A.B. asks: 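Provided herewith is a single structure, encoded as structure tokens, for subsequent inquiry.
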Amino acid sequence: MENLIVGKAYVLGDNIDTDQIIPAEHLVYSTSDPEELKKYGHFALSSVPIDKAGLPEGGKLFISGDNYQSEYNIIIGGSNFGCGSSREHAPLALQVAGVKVVIAESYARIFYRNAVDGGFLIPYEGTEKLNDKIKTGDKIEVDLIDNKIKNLNSGKEYQLRPLGSVYDIVNSGGIFNYARQNKMI
Amino acid sequence: MGMTITEKILAKAAQRKNVVAGETVWLNVDILMTHDVCGPPTVAIWKKEFGEQAKVWDKQKLVIFPDHYIFTKNAHANRNVSVLRQFAADYNLPNYYDVGTERYKGVCHLALAEEGFNVPGTVLIGTDSHTCTSGAFGMFATGVGNTDAAFILGTGKIWEKIPESMKFTFNGTLPEYLTAKDLILHILGDITTDGATYRAMEFDGEAIEAMNMFERMTLTNMAIEAGGMNGIIAVDQVTRNYLNDIGVTGYEELYSDKDALYHSKFNYDVSKIEPTVAKPHSPDNRDTVKNVEGTALTKCYIGSCTGGKITDFQFAAKILFGQKVKVPTFIVPASTKVAKQLDVETINGITLKEIFVNAGCVIAESSCAACLGGPSDTIGRSVEGDVVISTTNRNFPGRMGSKNSQVYLASPLTVASSAVTGKITDPRKFL
Ligand code: SF4
């Protein structure tokens with residue numbers, strides 16, 4: 001995994017639950033078939049109400065047309081990101097859509113664990129509220145070593161809470177890979 | 001800077017001197033608990049990842065209670081129990097409590113306490129969101145998904161992000177019309193279902209000190225209803241006496257430092273709290289019993305890890321003594337031990353069981369039963385159009401059965417009072 005992630009931000013509000021991330025009706029697709037897997041990317045964040053999709057203006061679809069990958073690969077969320085059911089398909093869907101990092105104020109614990117242990121994406125927490133400071137489409141640089149992000153549009157920098165062991169687990173591709181690499185198993 | 005009790009326990013399990021909220025550490029797990037719903041998929045992941053020769057990291061530390069879907073004809077549910085039975089036999093597991101045998105215990109969270117697996121200062125992880133119940137014993141206890149449980153099964157380890165702590169202090173003496181259930185529903189109304197997300201909820205104060213272990217477990221049980229990672233109450237003489245009675249000794253008592261850092265602190269004067277309900281369809285939809293008094297009911301339910309302990313039945317019996325219920329009322333002892341106690345505990349020389357039978361209640365076998373709906377033949381399950389008042393912990397749509405039913409959560413005093421009148425009733429009418 002690279003230590004510097006550069007990409008476009010997609011900004012969301014508080015309490016983005018797993019049904020908004022990937023609606024229950026789409027959980028029927030196989031996660032091992034590469035073609036069906038794309039469906040998870042295609043439907044990622046498809047239940048976010050349109051006025052809340054891509055803040056501050058809203059109305060910006062995360063996935064356009066028939067695509068399964070998004071032009072945005074960094075999500076800036078609010079508090080309690082990933083609340084709701086414990087479905088592991090939620091971080092998976094974001095990963096398939098190309099999301100590398102989520103930066104939120106706080107996470108529902110099971111989403112956070114699933115994101116890390118499945119090696120799907122990096123769940124960063126900000127040291128301050130960021131979804132009112134960054135706009136959808138802003139170009140963002142995330143520094144995984146110094147734990148900070150820079151808004152390349154405004155030039156402003158913000159500190160993130162250190163990831164600790166979480167970085168190594170996601171970097172290895174999940175908890176079991178991590179353990180094998182570290183001879184824990 | 002000082003540490004909270006949660007930080008101290010996690011530091012110890014991580015073999016560290018200090019930890020700070022927000023950092024991630026690897027913990028050595030003292031007990032892994034699973035049950036019939038999440039046990040079979042956990043075992044499947046464990047076998048896939050560790051191979052057919054997979055070894056359980058420590059058989060003494062693995063505890064398995066079939067408890068959820070037990071007394072049913074449902075084939076999938078019975079298959080789950082068969083999988084566990086086979087797993088326990090294949091690996092010669094000492095702490096498997098099979099249904100249909102003398103060893104059967106009932107609901108896991110109460111059984112953990114009764115069997116002495118709740119040990120102060122230790123880390124207990126379970127494949128059930130209400131694993132936080134065990135925090136009443138001054139320990140760290142939390143729920144995980146199947147992947148994490150499979151990892152623990154093979155390694156005995158789990159990583160955790162150290163939670164910030166919120167402190168809830170209850171001052172004063174609990175009036176006789178209030179129980180721990182009223183207090184936790186009250187908190188939920190204040191902080192909502194995500195008010196403690198990823199945080200520890202620490203309880204203290206005079207009213208908590210005066211509570212027995214079962215009432216304390218009602219508080220910690222519902223920490224997850226606020227999104228809490230764990231609920232915790234430090235050890236005191238009440239804890240020591242309980243543990244001593246069941247032969248648990250040699251544990252470490254840890255306490256929060258005076259200068260420990262908290263996310264927030266809440267102070268309550270219990271004399272100002274009213275009998276409380278959570279209205280449909282969320283545990284944080286708080287109201288006073290008074291405000292919803294008179295709501296017509298079709299069912300009353302006293303059971304679950306939250307509201308099916310011996311103290312819950314003592315509260316209910318106090319109200320139901322010499323009365324008759326007006327609507328079907330289900331008594332579901334959480335554990336087989338509680339079921340036996342119903343035959344022993346008395347009020348004015350009459351056993352609790354007799355009191356319930358004379359009042360016209362239905363007494364069910366110990367298990368989770370209708371707390372989470374369950375297969376269609378589950379006793380007490382809600383059906384379309386039902387309006388239920390229950391001592392359980394969740395009232396999301398469909399939680400107790402039909403999506404088209406309404407569930408009010410309340411204390412055993414309030415549920416029993418409502419059973420007598422067939423309408424939601426303030427327990428002060430009967431006390
Ligand atoms: S009694 Fe209810 S809340 Fe408790 S473990 Fe069983 S299903 Fe879960």
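Note: hydrogens, waters and symmetry copies are ignored here, and every other heavy atom, side chains too, is used. The sequence lines fix the lettering, A, B, ..., with proteins before strands; numbering per chain opens at 1. Note that this is a predicted model, so its numbers are computed, not measured.
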A.B. asks: Classify the ring geometry between A:Phe62 and A:Tyr72 as parallel (under 30°), tilted (30 to 60°) or perpendicular (over 60°).
C.D. replies: parallel
A.B. asks: Where along residues 10-26 of chain B does a heavy atom come under 4.5 Å of chain A, listed by residue number?
C.D. replies: B:Gly22, B:Thr24, B:Trp26
A.B. asks: With a 4.5 angstrom heavy-atom cut-off, which part of A:Tyr178 approaches chain B: side chain, backbone, both or neither?
C.D. replies: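 Looking at A:Tyr178, just its side chain touches chain B.
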A.B. asks: Using non-hydrogen atoms only, which part of A:Asn15 is less than 4.5 Å away from chain B: side chain, backbone, both, or neither?
C.D. replies: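 Looking at A:Asn15, just its side chain touches chain B.
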A.B. asks: Where on A:Arg161 is there a heavy atom nearer than 4.5 Å to chain B: the side chain, the backbone, both, or neither?
C.D. replies: neither
A.B. asks: Measuring heavy-atom distances to chain B, does A:Ser106 have an atom under 4.5 Å in its side chain, in its backbone, in both, or in neither?
C.D. replies: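 Interface part for A:Ser106: neither.
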A.B. asks: Given that the side chain runs from C-beta out, which part of B:Thr147 has a heavy atom under 4.5 Å from chain A: side chain, backbone, both or neither?
C.D. replies: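 Backbone plus side chain of B:Thr147, per the 4.5 Å heavy-atom cut-off to chain A.
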A.B. asks: For A:Ile110, is it the side chain, the backbone, both or neither that has a heavy atom under 4.5 Å from a heavy atom of chain B?
C.D. replies: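 Answer is neither: A:Ile110 stays 4.5 Å or more from chain B.
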A.B. asks: So which residues of residues 51-60 of chain B are in contact with chain A at a heavy-atom cut-off of under 4.5 Å?
C.D. replies: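 Near chain A, by residue number: none.
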A.B. asks: Checking heavy atoms, do the side chain of B:Ile45, its backbone, both or neither come under 4.5 Å from chain A?
C.D. replies: side chain
A.B. asks: Counting heavy-atom pairs closer than 4.5 Å to chain A, which one of B:Gly143, B:Ser129, B:Gly154 comes out on top?
C.D. replies: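 Highest number of heavy-atom pairs under 4.5 Å: B:Gly143.
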A.B. asks: What part of A:Leu163 lies closer than 4.5 angstrom to a heavy atom of chain B: side chain, backbone, both or neither?
C.D. replies: backbone
A.B. asks: Please report whether the ring centroid of A:Phe176 lies less than 6.0 Å from that of B:Phe50.
C.D. replies: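 Ring-ring flag for B:Phe50/A:Phe176: true, centres closer than 6.0 Å.
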